[in-house]
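Bear in mind the structure is a predicted one, so any value in this text is a computation, not a measurement.
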Amino acid sequence: MSKCPYVLDRASLVVHATTGGTRLHDLPAEPVIEAFREAGALVFRGFGTEPGEFAAFTGRFSTATLGRVHAGQNRREVAADEATSTVDLGKQHVGPHAEMGYSPIRPDLLWFYCARPPAEGGETTLFDGADVWLKLPERLREKCASHDLVYSFDESGPELWPLFTGVAADRDETLELLAALPGVSYTARDNGKIDITYQVPAAPLSRYHGVPAFANSIIPNESSGVTFADGTPVRAADRLSILDTCEELVTLVDWQQGDVVMVDNSRMMHGRRPFSDPDREIHVRMTTAAF
């Protein structure tokens, strides 16, 4: 009987290769899916993963891959792969957020790959939104349960439109695509730009457990416009409460070369600790789940 090619440390969410020659393609899909459904995120470590293997592995669990819709932001393309880019190239702290929580094309699954780990710092942070929801102050939880969030992007230009439609297109085609998207309202400006708003629950039901998960983009969107649907702002005190609650529940991914991280983007938020090493390079892919 052959030895199992991996072992799962449930406390750290890390799936370890059991032998030096084990590769990601050796992993059976069903046990990975079962563990992922339960945990909400998995870190695959010790598999010697190369960039091409990263893309192939994500494809095993996905029906579609979102392209590089963040072209107007601080990222770099990964050569020979139209669906992979780097994460934000800054070195600053990034607060907890669901990827594209402000958009109707928010991906089901989020994938990271460590091409080069930093010398120190730069850990990716993970926060289970189902646990965060239960630990929020009662007043804030009640507010979020009774009022959707509204994200506003005033006078957005062509570099931002793909974040809502998934494709680069001219303004007329973009307006047609926006008209078909649930939760989206828009106004075409005379200057060629578009005001876009998106309304969505603060704690939508998670994909695999069907429970409220506080997985949104409140924290990183302080300056770009997010309010409750009744027009009231998200108060600074509420943001601090959210951050404090998240920090009580944080899981750190201390990157190692070749690590791959799989995230349930309907349940988990993620972020980043600050760092100074300019060689840190983490890749990201965003996909629609096949399960």
Engineer: When rounded to the nearest 0.5 angstrom, what is the spacing between CG in L110 and CE in M262?
Structural biologist: 11.0 Å
Engineer: How close do S217 and G101 get, counting heavy atoms only, and between which atoms?
Structural biologist: OG-N, 3.3 Å
Engineer: Do R285 and T84 have side-chain atoms, one donor and one acceptor, less than 3.5 Å apart?
Structural biologist: yes
Engineer: Tell me if the CD atom of E155 is crowded by more than 12 foreign heavy atoms within 6.0 Å.
Structural biologist: yes
Engineer: According to the interplanar angle, ranging from 0 to 90°, do the rings of F44 and F57 count as parallel (below 30°), tilted (30 to 60°) or perpendicular (above 60°)?
Structural biologist: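 Taking F57 first and then F44, their aromatic rings stand perpendicular (interplane angle over 60°).
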Engineer: Are V184 and W161 linked, directly or through intermediate hydrophobic residues, by side-chain heavy-atom contacts shorter than 4.5 Å (ILVMFWY only)?
Structural biologist: yes
Engineer: Return the minimal non-hydrogen interatomic distance between A55 and D81, and the atom names on each side.
Structural biologist: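 Of all heavy-atom pairs spanning A55 and D81, the closest is CB-OD2, 3.9 Å.
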Engineer: Could you tell me whether the side chain of D195 and the main chain of T187 form a donor-acceptor pair under 3.5 Å?
Structural biologist: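 Checking the backbone N and O of T187 against the side chain of D195, no donor-acceptor pair under 3.5 Å is found.
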Engineer: Mind checking who shares a hydrophobic cluster with V94, ILVMFWY linked at side-chain heavy-atom distances under 4.5 Å?
Structural biologist: none
Engineer: Could you give all pairs that pass the side-chain hydrogen bond (donor to acceptor under 3.5 Å, both in side chains) test and reach residues 113-137, with sequence neighbours left out?
Structural biologist: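 Every pair satisfying side-chain hydrogen bond (donor to acceptor under 3.5 Å, both in side chains) with a residue in residues 113-137: R116-E281, T124-W255, D128-R267.
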Engineer: Please report whether the ring centroid of F153 lies less than 6.0 Å from that of Y102.
Structural biologist: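 Y102 vs F153: aromatic centres under 6.0 Å.
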Engineer: For a side chain to side chain contact (heavy atoms under 4.5 Å, CB included) check, start with the C-alpha distance between F47 and V260, then their side-chain angles and the critical distance, and finish with the verdict.
Structural biologist: CA-CA 9 Å; F47 295 92; V260 171; over 6 Å; no
Engineer: Please name all residues satisfying side chain to side chain donor-acceptor pair (under 3.5 Å) with N216, sequence neighbours left out, ordered by chain then number.
Structural biologist: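 Scan of N216 (side chain to side chain donor-acceptor pair (under 3.5 Å), adjacent residues dropped) gives none.
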Engineer: Hydrophobic clusters here meaning ILVMFWY residues chained together by side-chain heavy-atom distances under 4.5 Å, can you tell me if F164 and V200 are in one?
Structural biologist: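 Yes; V200 is reachable from F164 via cluster members.
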Engineer: D154 vs R189, test: salt bridge (Lys or Arg N to Asp or Glu O under 4.0 Å). Steps then yes/no.
Structural biologist: CA-CA 10 Å; D154 294 338; R189 294 272 192 169; 5.4 Å; no
Engineer: Here's a test for you: under side chain to side chain contact (heavy atoms under 4.5 Å, CB included), which of I33, D264, D108 qualifies with Y208?
Structural biologist: D264
Engineer: Around atom CD of E138, are there more than 12 heavy atoms from other residues, nucleotides or ligands closer than 6.0 Å?
Structural biologist: no
Engineer: Under a 3.5 Å distance rule, please check whether Q92 uses its side chain to pair with a backbone N or O of P274 as donor and acceptor.
Structural biologist: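 Judged by distance alone, no pair lies under 3.5 Å.
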Engineer: Would you indicate whether the side-chain heavy atoms of L181 and L178 approach each other to under 4.5 Å?
Structural biologist: yes
Engineer: To the nearest 0.5 Å, how far apart are OG1 in T288 and CG in N265?
Structural biologist: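 Reported to 0.5 Å precision, the distance equals 11.0 Å.
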Engineer: Can you tell me if S156 uses its side chain to pair, donor with acceptor, with the backbone of I194 under 3.5 Å?
Structural biologist: yes
Engineer: Does the side chain of Y186 reach to within under 4.5 Å of the side chain of L175, using non-hydrogen atoms?
Structural biologist: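 SC-SC contact between Y186 and L175 confirmed.
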Engineer: Between E99 and H270, do the side chains contain a donor N or O and an acceptor N or O under 3.5 Å apart?
Structural biologist: yes
